[in-house]
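As the structure lists them, so they are numbered: ligands from 1, and atoms in each ligand from 1. The structure displayed is predicted, hence computed values, not measured ones. Note that the numbering runs from 1 along the sequence shown for the chain. All heavy atoms count here, side chains included; hydrogens, waters and symmetry mates do not.
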Amino acid sequence: MEERGEEALERQAVAVITGASSGLGAALTRLLDRTLPEDVELWLIARDREKLTDFATGLTHRTRVLAYDLTLEATFDELKRLFDQEQPAVQLLINNAGEGCSGSFCSQEGAAHQALCDLNVRAQLALTSQALPWMGAGSSLLFVASVAAFLPQPGFAAYAASKAFILSFGRALREELKERGIRVTVTCPNPMLTDFFTSQQKEALLKSYKRFGIEDPDRVAEKTLAAMRRDKGLVVTSPSGKLIRLAAKLLPTGLLLKWIRWK
Ligand SMILES: NC(=O)c1ccc[n+]([C@@H]2O[C@H](COP(=O)([O-])OP(=O)(O)OC[C@H]3O[C@@H](n4cnc5c(N)ncnc54)[C@H](OP(=O)(O)O)[C@@H]3O)[C@@H](O)[C@H]2O)c1
């Protein structure tokens, strides 16, 4: 992999954010819009062009609306062309776009499992690998995992496993990239009432014990970016998330799974 970091001064500085049009991605982008130097261009990725364009209109930074579906192979051909053509100095890559798939594994379609793995895992690896040659010392990578990464979750099995993958991958990559001066952070939020959930799922969430841990995406974005500034490798944005992480470290997984099932 060719290192292009030294040439960063002459190249356009960019921050790439996936899933920027909604929920946590939008909260992170709005906050970055208030805090990043004005010469940084924001490259925003999501599928719905109109929604992304409307969102970008409210930002003060120069933006590039990239209406791509990250589950499609062709997207990565397009992105490769874009990186090669623009030769940007990628200062920040936020791998945020993700989706859930709830219910028992057997009740779900195979296509849903594939789409989840494509977006939550494959796309994050592919985009990271494409962006890294354009990142140099002082740049940062953020992976959005979840508190679900700490424990297997019956009823949310593939999702929790995809987030455990990202947590493990992000932490290992952080060590690998230290010698290049590239910072890596993984953030693990609790449930947030975003478009990630259908209105039915939101209602169910508000009735379950999980309601006590619900977080506001703006607060998650603030805590996450603050932790990145302090070069934290892992940020768990809620007290209950920290408790779950501790329990997952100290208690046998079998016991915790029994408790989850009982709840
Ligand atoms: N909400 C929660 O409770 C929660 C908790 C912990 C962690 N997380 C994680 O936080 C991240 C953001 O979730 P969120 O709650 O903000 O979800 P959200 O409100 O549903 O936003 C998802 C974003 O990703 C984009 N997106 C979805 N599928 C895509 C695809 N195939 N290609 C490109 N972009 C795509 C969506 O735009 P388009 O639909 O236009 O593509 C949207 O901008 C996810 O990784 C999620 O797993 C969420």
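Using a 4.0 Å cut-off to heavy atoms of S146, the atoms of ligand 1 that qualify are 6 (C), 7 (C). Here is the list of ligand 1 atoms found below 4.0 Å of a heavy atom in D69: 30 (C), 31 (N), 32 (N). For ligand 1 and T71, the ligand atoms under 4.0 Å from any heavy atom of the residue are 31 (N). Within ligand 1, counting atoms from 1 as listed, the ones closer than 4.0 Å to a heavy atom of P191 are 3 (O). Short contacts between ligand 1 and L24, defined as distances under 4.0 Å to a heavy atom of the residue, involve ligand atoms 16 (O). Near T194, with a cut-off below 4.0 Å to any heavy atom, the atoms of ligand 1 are 1 (N), 14 (P), 15 (O), 17 (O), 19 (O). When each atom of ligand 1 is checked for a heavy atom of D48 under 4.0 Å away, the hits are 40 (O). Applying the 4.0 Å criterion to heavy atoms of G23 picks out, from ligand 1, the atoms 16 (O), 19 (O).
Checked against the 6.0 Å centroid threshold, W43 and Y68 do not count as a close aromatic pair. Taking the six-membered ring for Trp, Y159 and F196 have ring centres closer than 6.0 Å.
For atom 44 (C) of ligand 1, the nearest non-hydrogen atom of the protein is N96 O, 3.1 Å. The nearest protein atom to atom 13 (O) of ligand 1, hydrogens excluded, is given as F196 CD1, 4.3 Å; this is a heavy-atom distance. Closest to atom 24 (O) of ligand 1, if we only count protein heavy atoms, is G19 CA, 3.2 Å. Here the protein heavy atom with the shortest distance to atom 7 (C) of ligand 1 is A145 O, 3.2 Å. Distance from atom 33 (C) of ligand 1 to its nearest protein heavy atom, with residue and atom name: Y68 O, 3.3 Å. From the protein, the heavy atom lying nearest to atom 46 (C) of ligand 1 is Y159 OH, 3.5 Å. Scanning the protein for heavy atoms near atom 4 (C) of ligand 1, the closest one is M192 CE, 3.5 Å. In terms of protein heavy-atom proximity, atom 27 (C) of ligand 1 is nearest to R47 NH2, 3.4 Å.
Counted by atom type alone, S21 and D48 present zero donor-acceptor pairs between their side chains at under 3.5 Å. Looking at H61 and E41, their side chains never bring a donor and an acceptor atom within 3.5 Å of each other. Residues T75 and D69 bring no donor and acceptor atom of their side chains to less than 3.5 Å of each other. For the residue pair E215 and T237, a side-chain donor N or O sits within less than 3.5 Å of a side-chain acceptor on the partner. In this structure, a donor-acceptor pair under 3.5 Å is absent between the side chains of S140 and Q91. Side-chain atoms of T60 and D33 form a donor-acceptor pair, as typed in the model, at a separation below 3.5 Å.
Look at E215 and you'll find every heavy atom at least 4.0 Å from all atoms of ligand 1. Under a 4.0 Å heavy-atom criterion, P217 is not in contact with ligand 1. Close to ligand 1: N190, with a non-hydrogen atom less than 4.0 angstrom away. The shortest heavy-atom distance from E99 to ligand 1 is not under 4.0 Å.
One option in I17, V144, L116, L28 has a heavy atom closer to atom 9 (C) of ligand 1 than any other, and that option is V144. Nearest to atom 26 (N) of ligand 1 by heavy-atom distance, out of S162, A97, C188, A221, is A97.
Residues R62 and D39 are not paired through a salt bridge, judged by the lack of any N-O separation under 4.0 Å between the basic side chain and the carboxylate. At a threshold of 4.0 Å, the pair D231-K178 does not count as salt-bridged, since none of the basic side-chain nitrogens sits closer than that to a carboxylate oxygen. Ion pair R81/D77 not flagged as a salt bridge, since none of the NZ, NE, NH1 or NH2 atoms sits closer than 4.0 Å to an Asp/Glu carboxylate oxygen. A salt bridge links R64 with E86: at least one charged nitrogen is closer than 4.0 Å to a carboxylate oxygen. Between E176 and R171, none of the side-chain N atoms (NZ, or NE/NH1/NH2) sits under 4.0 Å from a carboxylate O, so this pair counts as no salt bridge.
Residue S21 places at least one N or O, backbone or side chain, under 3.5 Å from an N or O of ligand 1. For ligand 1, the polar-atom distance check against L70 finds a nitrogen or oxygen pair separated by under 3.5 Å.
Taking a 6.0 Å sphere around CD of E109, one finds it holds 12 or fewer heavy atoms contributed by other residues, nucleotides or ligands.
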